[in-house]
Amino acid sequence: MQAVHEDVARVLFTDEEIQARVKEMGAQITADYQGQSLLVVSVLRGAAIFMADLVRAIDLPVEMDYMAVSSYGNGAKSSGVVQILKDTTSSLEGRHVIIAEDILDSGLTLEFLIENFELRNPASVEVATLLRKDVKPQADVHCRYIGFECPNEFIVGYGLDYAERYRNLPYIGVLKPEIYQ
């Protein structure tokens with residue numbers, strides 16, 4: 001059994017489960033884009049760990065880039081207003097682009113990014129998300145690659161944080177309510 005941080009109520013996905021699933025996702029991306037090169041864009045900060053593992057599981061030429069965005073709201077819920085804090089440095093024009101995201105929650109940020117990227121004339125834009133949270137309503141965002149479906153609980157670890165803490169946990173767990181309430 002994996003050691004659990006004292007603030008985590010229970011582990012949803014172990015390090016071993018995550019690594020196995022990310023390798024499967026990388027193999028599928030390799031098969032889908034055989035003979036192509038990819039630009040994989042991480043949405044900072046949460047997806048950085050996922051993207052690092054994902055690109056190592058892709059057996060194709062891969063370029064990595066990063067974006068930082070902010071959704072304004074009350075901290076618990078996105079307002080749907082997205083601001084780009086750091087844009088990609090690579091051109092997307094004519095490229096096969098995969099957005100690497102840690103979690104699809106409301107979907108509003110991903111919806112914005114996909115629309116923004118499509119204006120830059122890429123060959124294609126797809127989404128690889130480690131987690132898709134079971135929430136309603138959720139924007140109609142197509143994710144070609146999904147690691148895990150997860151319950152609508154406050155989760156941390158493997159890049160996911162609360163107040164910039166817990167990102168370094170090797171597993172994904174449910175945070176105890178007394179920590180964030």
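Everything quoted here is computed from the prediction, not taken from an experiment.
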inquiry  = Using side chain to side chain contact (heavy atoms under 4.5 Å, CB included), reason through Leu160 and Leu130 one step at a time and then give a plain yes or no.
reply    = CA-CA 11 Å; Leu160 296 152; Leu130 179 63; 5.7 Å; no
task = Could you verify whether a donor N or O on one side chain and an acceptor N or O on the other, from Arg120 and Thr88, lie under 3.5 Å apart?
result = yes
inquiry  = Apply side chain to side chain contact (heavy atoms under 4.5 Å, CB included) to residues Tyr171 and His5 and explain how you reach the verdict.
reply    = CA-CA 10 Å; Tyr171 55 83; His5 189 281; 3.5 Å; yes
inquiry  = Please determine whether residues Val55 and Leu44 belong to a single hydrophobic cluster, defined as Ile, Leu, Val, Met, Phe, Trp and Tyr linked transitively by side-chain heavy-atom distances below 4.5 Å.
reply    = yes
query = Side-chain heavy atoms under 4.5 angstrom apart, residues restricted to Ile, Leu, Val, Met, Phe, Trp, Tyr: same cluster for Phe154 and Leu169?
reply = yes
request  = Let me see the working for Ile84 and Asn116 under side chain to side chain contact (heavy atoms under 4.5 Å, CB included), right down to the final yes or no.
outcome  = CA-CA 10 Å; Ile84 296 175; Asn116 181 285; 3.7 Å; yes
ask   = Charged N to carboxylate O under 4.0 angstrom, Lys133 versus Glu149?
value = no
ask   = Hey, are Asp7 and Lys176 close enough for a salt bridge, meaning a charged N less than 4.0 Å from a carboxylate O?
value = no
task = Check whether more than 12 heavy atoms from other residues, nucleotides or ligands sit under 6.0 Å from atom CG of Asp140, and answer yes or no.
result = no
Donor-acceptor pair, side chain of Arg56 and main chain of Ala52, under 3.5 angstrom = yes
Separation between CG of Leu12 and OH of Tyr158, rounded to the nearest 0.5 Å = 15.0 Å
ask   = Any Lys/Arg nitrogen of Arg132 or Glu101 sitting under 4.0 Å from an Asp/Glu carboxylate oxygen of the other?
value = no
request  = Give a yes or no on this: more than 12 heavy atoms of other residues, nucleotides or ligands lie within 6.0 Å of atom CZ of Arg144.
outcome  = yes
inquiry  = Distance check, rounded to the nearest 0.5 Å: Ile29 atom CD1 versus Gln34 atom CD?
reply    = 12.5 Å
key: Side-chain heavy-atom pair Val127, Tyr145 within 4.5 angstrom cut-off   = no
ask   = Where is the tightest heavy-atom contact between Cys143 and Thr129, given as atom of each residue plus distance?
value = SG-CG2, 3.8 Å
message = Side chains of Ser90 and Asp65: any donor to acceptor distance under 3.5 Å?
response = yes
ask   = Is it true that a side-chain atom of Glu118 and a backbone atom of Glu115 form a donor plus acceptor pair closer than 3.5 Å?
value = no
query = Is it true that Leu60 and Val22 fall in one hydrophobic cluster, defined by side-chain heavy atoms closer than 4.5 Å?
reply = yes
ask   = So with a 6.0 Å cut-off around CG of Asp59, is the heavy-atom count from everything else above 12?
value = no
inquiry  = Just verifying a value: how many Å separate Tyr66 OH and Lys86 NZ, rounded to the nearest 0.5 Å?
reply    = 9.0 Å
inquiry  = If you define the side chain from C-beta out and look only at heavy atoms, does anything of Arg10 sit under 4.5 Å from Glu153?
reply    = yes
key: side chain to side chain contact (heavy atoms under 4.5 Å, CB included) between Phe50 and Asp102, worked out   = CA-CA 7 Å; Phe50 167 56; Asp102 55 353; 5.5 Å; no
request  = Establish whether Val69 and Ile99 are linked, either directly or via other cluster members, by ILVMFWY side-chain heavy-atom contacts under 4.5 Å.
outcome  = yes
query = At what distance, to the nearest 0.5 angstrom, does CD1 of Ile58 lie from CD1 of Ile98?
reply = 5.5 Å
request  = Find the distance between CZ (Arg21) and NZ (Lys23) and round it off to the nearest 0.5 Å.
outcome  = 13.5 Å
key: Taking every non-hydrogen atom, the tightest pair across Ile103 and Cys150   = CD1-SG, 4.3 Å
key: Path from Val174 to Ile172 over hydrophobic side-chain contacts below 4.5 Å   = yes
ask   = Any luck finding a side-chain donor-acceptor pair between Ser37 and Glu63 under 3.5 Å?
value = no
remark   = Of all heavy-atom pairs linking Ala47 and Ala100, the shortest is CB-O, 3.2 Å
ask   = Does Leu92 reach the side chain of Asn121, with side-chain heavy atoms less than 4.5 Å apart?
value = no
ask   = Could you give the distance from CD1 (Ile18) to CZ (Phe13), rounded to the nearest 0.5 Å?
value = 8.0 Å
